[in-house]
Amino acid sequence: MSKPFVLAHLSDPHLGPLPRPGVRELASKRLLGYINWRRSRHRRHRRDALDAIAHDVHSRQPDHVAVTGDLVNIALPAEFAHARRWLETLGRPADVSVVPGNHDAYVAAAARHRDCHWSPYMAGDAPEGANSCGGFPYLRRRGPVALIGVSTAIATPPFMATGKVGEEQIARIARMLADLRAENLFRVIMIHHPPLPSAGHKCLIDAVAFQRVLAATGAELVIHGHDHVHSLVWIAGDGGRIPVIGVPSASAAAITKQCAGAYNLYFIGGGPGAWSCEVVSRGLRSSGAVAELNRFALPV
Ligand SMILES: [Fe+2]
Ligand SMILES: [Fe+2]
């Protein structure tokens with residue numbers, strides 16, 4: 001039996017500390033985010049917690065690492081450069097795939113800095129033709145796995161953290177998934193917002209349209225962040241079911257009531273028509289050590 005492909009999934013590092021913003025940089029939604037960070041979030045998202053998680057990821061020697069967004073906090077230009085240096089500690093651009101989250105699009109100007117610093121980590125194997133979706137969705141083939149990077153990152157008004165895939169990107173995803181089905185690859189969708197219909201201030205606005213595509217074309221796995229909790233939901237997919245799996249923030253200190261920092265490993269084996277996928281969750285204990293939290297086989 002051949003060795004399974006190992007995909008590590010972490011999300012929402014919310015890298016700190018925040019650089020000191022200029023007065024002009026705070027003349028926007030950033031002011032609220034900055035106050036929020038200084039008041040409480042800096043205690044929740046800790047570099048020592050993130051370093052422990054990243055160290056554990058390295059020790060497992062995954063074949064690939066997926067990072068599903070919210071690398072920064074209020075989208076200051078210096079945060080994107082800082083996040084790029086952190087990504088380089090995680091791995092080469094060919095081995096690490098990133099999709100942006102709402103904090104990476106905190107203000108409209110963020111997209112320019114994000115693309116400038118992170119584009120090698122958000123690029124497909126083949127250069128995408130010009131499109132208005134900022135190069136999304138992108139496609140990376142790694143062994144038996146097809147990784148599809150989807151962007152839900154849009155700038156929103158204060159107190160909103162919604163996401164949107166958009167009609168053009170949804171149409172491209174539909175074509176991509178249909179083509180990949182014929183290639184018999186294990187299709188993994190990487191997305192920041194959970195693609196589940198809801199009406200809250202954090203929801204994915206077009207989750208219904210996105211799910212409609214998945215119901216028609218199928219996919220083997222959807223991984224996401226944003227909610228900062230462990231989650232597993234099943235949605236309809238091409239005559240079967242698709243697991244939609246979320247992970248906590250990778251930098252969440254084990255000192256609050258919220259989920260402590262954690263990540264998932266997916267051991268993908270078998271082959272077309274007989275895939276196997278074992279999920280292993282690993283996370284921070286109150287001692288600061290990272291240990292296995294859960295292990296289960298996905299019925300795929
Ligand atoms: Fe987040
Ligand atoms: Fe988020």
Side-chain angles (χ1 to χ4, degrees), residues 7-19 21 25 29-30 33 37 45 47 50-51 53-54 57-58 62 64-142 147-156 161 163-166 169 172-173 188-193 223-226 247 249-251 263:
L7 173 65
H9 170 214
L10 59 148
S11 198
D12 297 73
H14 290 283
L15 280 154
L18 273 191
E25 289 174 325
K29 179 182 174 182
R30 283 185 180 130
W37 174 266
H45 297 290
R47 185 60 193 246
L50 180 61
D51 286 347
I53 291 291
V57 170
H58 281 300
H64 200 82
V65 180
V67 184
T68 51
D70 280 1
L71 281 71
V72 304
N73 298 288
I74 58 173
L76 293 166
E79 287 187 271
F80 290 100
H82 181 206
R84 169 62 187 252
R85 292 192 290 278
W86 175 75
L87 282 171
E88 287 171 357
T89 68
L90 210 53
R92 301 176 307 156
D95 299 324
V96 179
S97 295
V98 172
V99 293
N102 51 297
H103 280 264
D104 309 319
Y106 212 68
V107 293
R112 185 162 49 90
H113 303 292
R114 194 174 65 227
D115 292 347
C116 169
H117 291 289
W118 302 354
S119 57
Y121 289 87
M122 304 189 298
D125 295 330
E128 292 295 324
N131 68 51
S132 58
C133 314
F136 293 95
Y138 67 79
L139 169 62
R140 294 176 155 194
R141 293 177 177 83
R142 298 289 184 273
L147 294 152
I148 298 153
V150 175
S151 175
T152 57
I154 53 168
T156 58
K164 187 177 179 185
V165 184
Q169 200 183 177
R172 287 172 181 269
I173 292 163
V188 180
I189 292 175
M190 305 173 292
I191 186 169
H192 179 67
H193 291 76
I223 56 176
H224 69 85
H226 191 53
V247 287
S249 161
S251 64
Y263 72 101

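Scope of the values below: all heavy atoms of this structure, side chains included, with no hydrogens, waters or symmetry mates.
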Result for side-chain hydrogen bond (donor to acceptor under 3.5 Å, both in side chains) between His192 and one of Asp70, Thr68, Asp104 points to Asp70
Heavy atoms only: give me the nearest [X]-[Y] pair and the separation to one decimal.
X: Met122; Y: Pro100; value: SD-CD, 4.2 Å
X: Ala105; Y: Ala110; value: CA-CB, 4.0 Å
X: Arg47; Y: Trp86; value: NH2-CD1, 3.5 Å
X: His193; Y: Thr152; value: ND1-OG1, 2.7 Å
X: Pro13; Y: Val67; value: CD-CG1, 4.4 Å
X: Arg140; Y: Ala123; value: NE-O, 2.7 Å

Who passes side-chain hydrogen bond (donor to acceptor under 3.5 Å, both in side chains) against Ser151, sequence neighbours left out? none
I'd like to check the side-chain hydrogen bond (donor to acceptor under 3.5 Å, both in side chains) partners of His64; sequence neighbours left out, ordered by chain and number. Ser97
For Lys29, does the NZ atom sit with more than 12 other heavy atoms under 6.0 Å from it, leaving out its own atoms? yes
More than 12 heavy atoms of other groups within 6.0 Å of Arg112 CZ: no
Does anything in residues 83-100 form a salt bridge (Lys or Arg N to Asp or Glu O under 4.0 Å)? List the pairs, not counting sequence neighbours. Arg84-Glu88, Arg92-Asp95
A side-chain contact here means heavy atoms from C-beta on lying under 4.5 Å apart; do [X] and [Y] qualify?
X: Val247; Y: Leu10; value: no
X: Val188; Y: Ile148; value: no
X: Leu147; Y: Met190; value: yes
X: Ile189; Y: Ile223; value: no

Does Val57 form a side chain to side chain contact (heavy atoms under 4.5 Å, CB included) with Tyr263? I'd like the steps, not just the answer. CA-CA 8 Å; Val57 170; Tyr263 72 101; 3.6 Å; yes
Can you tell me how far apart [atom1] ([X]) and [atom2] ([Y]) are? Round to the nearest 0.5 Å.
X: Trp37; Y: His45; atom1: CH2; atom2: NE2; result: 6.5 Å
X: Ser251; Y: Asp51; atom1: OG; atom2: CG; result: 10.0 Å
X: Ile191; Y: Ser11; atom1: CD1; atom2: OG; result: 11.5 Å

Return each pair, listed once, that meets side-chain hydrogen bond (donor to acceptor under 3.5 Å, both in side chains) where at least one residue sits in residues 115-126; pairs must be two or more places apart or across chains. Asp125-Arg142
Taking Asn73 for the side chain and Leu15 for the main chain, is one N or O donor matched with an acceptor at less than 3.5 Å? yes
Any donor-acceptor pair under 3.5 Å linking the side chain of Glu79 with the backbone of Pro19? no
Candidate pair Tyr138 and Val99, rule side chain to side chain contact (heavy atoms under 4.5 Å, CB included), full reasoning: CA-CA 10 Å; Tyr138 67 79; Val99 293; 4.1 Å; yes
Tell me every residue that passes side-chain contact (heavy atoms from CB on, under 4.5 Å) with Pro21, counting only those two or more places apart in sequence or in another chain. Glu25, Leu26, Tyr34, Leu76
Stepwise side-chain hydrogen bond (donor to acceptor under 3.5 Å, both in side chains) test for Asn102 and His226: CA-CA 8 Å; Asn102 51 297; His226 191 53; 3.1 Å; yes
Begin with the C-alpha distance, continue with both residues' side-chain angles, and end with the deciding distance and a verdict on side chain to side chain contact (heavy atoms under 4.5 Å, CB included) for Leu18 and Ile74. CA-CA 9 Å; Leu18 273 191; Ile74 58 173; 4.0 Å; yes
For His103, give me all partners under ring-ring contact (aromatic ring centres under 6.0 Å, His included), at least two apart in sequence or on another chain. His14, Tyr106
